[in-house]
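Everything quoted here is computed from the prediction, not taken from an experiment. Every heavy atom of this structure was used, including side-chain atoms; hydrogens, water molecules and symmetry mates were not.
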Amino acid sequence: MEWKRGRYDVTGLERVYTGNDARAAKVLNELRAKVTDVGSMRALGFCVSIPHAEYMARVFREAGIKALAVSGNSSPGERERAIAALRAREVNALFAVDLFNEGLDIPEVDTVLFLRPTDSATVFLQQLGRGLRRAPGKAVLTVLDFIGQHRKEFRFDTRYRALTGATRRGLQRQIEQGFPFLPAGSQVVLDRVAQQIVLDNVRTQLRFTRTQLANDVRSHGDLPLAAYLDAADRELVDVYRGGGSWTGLRRDAGLPVPPAGPDDGPLLRRMSAFTHVDDPERAEVYRRLVAADGPDYEELTERHQRLARMLLFTLWPKRGGFPSYRAGLEHLRRHPAVCAEIDELVALGLDRARHVPASLGEGLQHVPLAAHSRYRREEILAALGYATLRRVPGNHVSGVAWCEDTNTDALLINLRKSEKDFSPTTMYRDYAISPELFHWESQNATSLDSPTGRRYLQHRAQGSHVVLFVRDTKTDDLGAAPFVCLGPASYVEHRGERPIAITWRLHRPMPADTFSVASVAG
């Protein structure tokens with residue numbers, strides 16, 4: 001049989017798992033060690049094949065644990081009876097094959113057994129989700145993962161990143177430190193040997209060389225970026241790590257690319273700065289601006305002129321040498337390969353967007369920033385009118401910016417502060433109290449009587465705006481990390497001064513994934 005699931009030969013895996021008494025014994029031993037009463041549990045086990053599921057069910061029954069195997073070959077009636085039996089604890093384990101990945105509603109499931117490999121983060125989360133529903137009398141979900149060493153190319157990074165939301169390099173740090181940033185009530189436990197196996201596997205992915213990647217691109221043929229990432233099961237960080245670019249990889253692979261421009265090298269090294277674009281308006285306008293027949297700067301509306309400045313300062317954050325923004329756009333369009341790559345990247349980012357953007361609201365309607373979208377520092381400063389050809393955003397390193405053009409205080413917040421990146425005087429306590437409330441500390445020099453302090457506390461009376469932007473850490477796998485725009489906020493209360501500890505109320509609750517990180521920061 002030649003049928004394959006993902007990258008794994010199912011025939012070969014049947015030989016590995018079916019009839020393997022040592023592996024089955026390990027599952028039983030781990031289960032009894034982690035589950036206090038296996039006779040009252042409700043477990044789902046995800047298996048490689050029908051013979052594997054039937055084998056595991058038989059092994060469990062022989063060990064005194066009531067179990068059944070179900071698959072696509074089971075009739076609808078058989079599946080319904082098996083689910084009803086699990087709910088009623090007439091059986092304690094169901095072993096399934098590609099049947100309960102999604103659509104199953106058994107909130108009572110309190111144990112999940114991963115007994116089959118998958119490199120798909122989506123499938124992994126679907127399977128995990130079968131046990132995440134709350135139910136009366138269900139205090140915790142126990143998840144036992146027995147997969148990984150059957151093939152050396154199995155990727156632990158996709159699995160653990162799906163769980164934690166960490167970057168690949170950030171995941172390495174979390175594994176080394178025992179996953180310290182998980183939400184309250186959650187833990188990932190790895191024994192010393194398992195931890196080393198997972199770390200070695202993650203580090204192998206980090207060491208993938210540029211030559212190996214170019215060879216991989218060549219082997220997949222002339223595909224656009226999105227299609228290659230999907231076909232090769234790669235990530236943007238693989239392409240853009242270390243200042244790389246999709247154009248450069250295609251050139252190294254001998255595939256056709258658009259003509260080079262006069263500044264191709266430096267501009268291609270900036271392409272990773274476009275991997276975060278995730279709102280429709282910005283993606284559409286950026287793509288119009290990089291088109292060969294794109295509009296002149298003077299033809300744009302005020303809002304789109306701000307977007308043009310955001311685009312230009314993303315490419316040249318420290319350059320103010322252009323005589324005009326129109327000249328900057330004209331110079332950019334002399335680089336067809338760069339423009340083509342920006343077009344591909346922003347389309348891909350929009351397709352992968354995870355949050356629904358919303359306007360900043362009254363008083364800031366003309367500013368092309370959206371609450372819950374992601375932005376780099378230079379985009380934020382350009383959109384709010386702080387950055388100009390005379391005052392380039394690359395020179396701004398502070399966590400605050402007063403933008404007179406839009407009458408806005410932009411608070412740029414790093415949630416996790418390390419002694420490596422911050423001095424003792426700048427280790428401000430910034431964290432989410434709830435999805436709507438955020439605790440923030442001003443700079444140490446800010447007093448209650450200072451113009452800045454009065455503006456923070458009296459912003460409504462003075463008619464100014466406060467907009468919060470947060471990011472987990474200063475850098476990620478691609479360099480400077482983008483910020484999530486939390487949107488406008490209003491003063492609630494404060495304590496002390498130098499720094500002033502202020503509680504802000506967000507006009508729109510922050511996204512759940514951002515809150516999970518921001519609340520841990522406190």
Whether H335 and H331 hold their rings parallel, tilted or perpendicular, with breakpoints at 30° and 60°: perpendicular
Please state whether the rings of W440 and Y456 are parallel, tilted or perpendicular, taking 30° and 60° as the class boundaries. perpendicular
Applying salt bridge (charged side-chain N to carboxylate O under 4.0 Å, His left out) as the test, list every pair that has at least one member in residues 243-254; sequence neighbours left out. D222-R250, R251-D264
Would you indicate whether the side-chain heavy atoms of [Y] and [X] approach each other to under 4.5 Å?
X: L213; Y: N215; result: no
X: L236; Y: R352; result: yes
X: R287; Y: V346; result: yes
X: L311; Y: V290; result: yes
X: L249; Y: R210; result: yes
X: D409; Y: R455; result: yes
X: R309; Y: Y297; result: yes
X: L415; Y: T473; result: no

Between [X] and [Y] (salt bridge meaning N to carboxylate O under 4.0 Å), is one present in this structure?
X: R354; Y: D278; value: no
X: E284; Y: R288; value: no
X: E330; Y: R326; value: yes
X: R508; Y: E436; value: no

Ignoring hydrogens and geometry, is there a side-chain-to-backbone donor-acceptor pair from [X] to [Y] under 3.5 Å?
X: Q443; Y: P499; value: no
X: D476; Y: L478; value: yes
X: R333; Y: L289; value: yes
X: S519; Y: F515; value: yes
X: Q212; Y: T209; value: yes
X: E344; Y: L225; value: yes
X: S398; Y: V400; value: yes
X: R471; Y: F483; value: no
X: D238; Y: R234; value: no

Residues L267, W316; criterion side-chain contact (heavy atoms from CB on, under 4.5 Å); working and verdict: CA-CA 8 Å; L267 288 178; W316 293 286; 3.6 Å; yes
Taking atom types as modelled and ignoring hydrogens, do the side chains of [X] and [Y] form a donor-acceptor contact shorter than 3.5 angstrom?
X: D279; Y: H355; answer: no
X: H494; Y: T503; answer: no
X: E497; Y: S442; answer: no
X: D216; Y: Y228; answer: yes

Can you tell me if CD on Q177 sees more than 12 non-hydrogen neighbours from other groups inside 6.0 Å? yes
Decide if atom CZ of R495 counts as having more than 12 heavy atoms of other residues, nucleotides or ligands within a radius under 6.0 Å. no
If every non-hydrogen atom of [X] is compared with every non-hydrogen atom of [Y], which pair is closest and at what distance?
X: T408; Y: T406; answer: OG1-O, 2.9 Å
X: L384; Y: R306; answer: C-NH1, 4.0 Å
X: S245; Y: Y240; answer: CA-CE2, 3.7 Å
X: L300; Y: H304; answer: CD1-O, 3.8 Å
X: M310; Y: P368; answer: SD-CG, 3.9 Å
X: L389; Y: F313; answer: N-CZ, 4.0 Å

Report the C-alpha distance between R505 and Y491 in whole Å, list the side-chain angles of each, state the deciding distance to 0.1 Å, and finish with yes or no for side chain to side chain donor-acceptor pair (under 3.5 Å). CA-CA 6 Å; R505 183 177 297 279; Y491 167 83; over 6 Å; no
Report the distance from atom [atom1] of [X] to atom [atom2] of [Y], rounding to the nearest 0.5 Å.
X: D430; Y: H439; atom1: CG; atom2: NE2; answer: 8.0 Å
X: F114; Y: F46; atom1: CZ; atom2: CZ; answer: 6.5 Å
X: I502; Y: E441; atom1: CD1; atom2: CD; answer: 10.0 Å
X: L350; Y: L345; atom1: CG; atom2: CG; answer: 12.5 Å
X: S373; Y: E281; atom1: OG; atom2: CD; answer: 10.0 Å
X: D263; Y: R334; atom1: CG; atom2: CZ; answer: 7.5 Å

Checking side-chain contact (heavy atoms from CB on, under 4.5 Å) for the pair L486/F469: CA distance, chi angles, key distance, verdict? CA-CA 6 Å; L486 298 185; F469 302 85; over 6 Å; no
Kindly indicate, with the supporting measurements, whether the criterion side-chain contact (heavy atoms from CB on, under 4.5 Å) is fulfilled by V467 and L364. CA-CA 10 Å; V467 182; L364 293 173; 3.8 Å; yes
In sequence, state the C-alpha distance, the side-chain angles, and the governing distance for V143 and L141, and then conclude on side-chain contact (heavy atoms from CB on, under 4.5 Å). CA-CA 6 Å; V143 181; L141 170 68; 3.7 Å; yes
side-chain hydrogen bond (donor to acceptor under 3.5 Å, both in side chains) pairs touching residues 375-387, sequence neighbours excluded, are R270-E378, H276-E379, R282-E379, Y286-E379, R376-E378, R377-H396
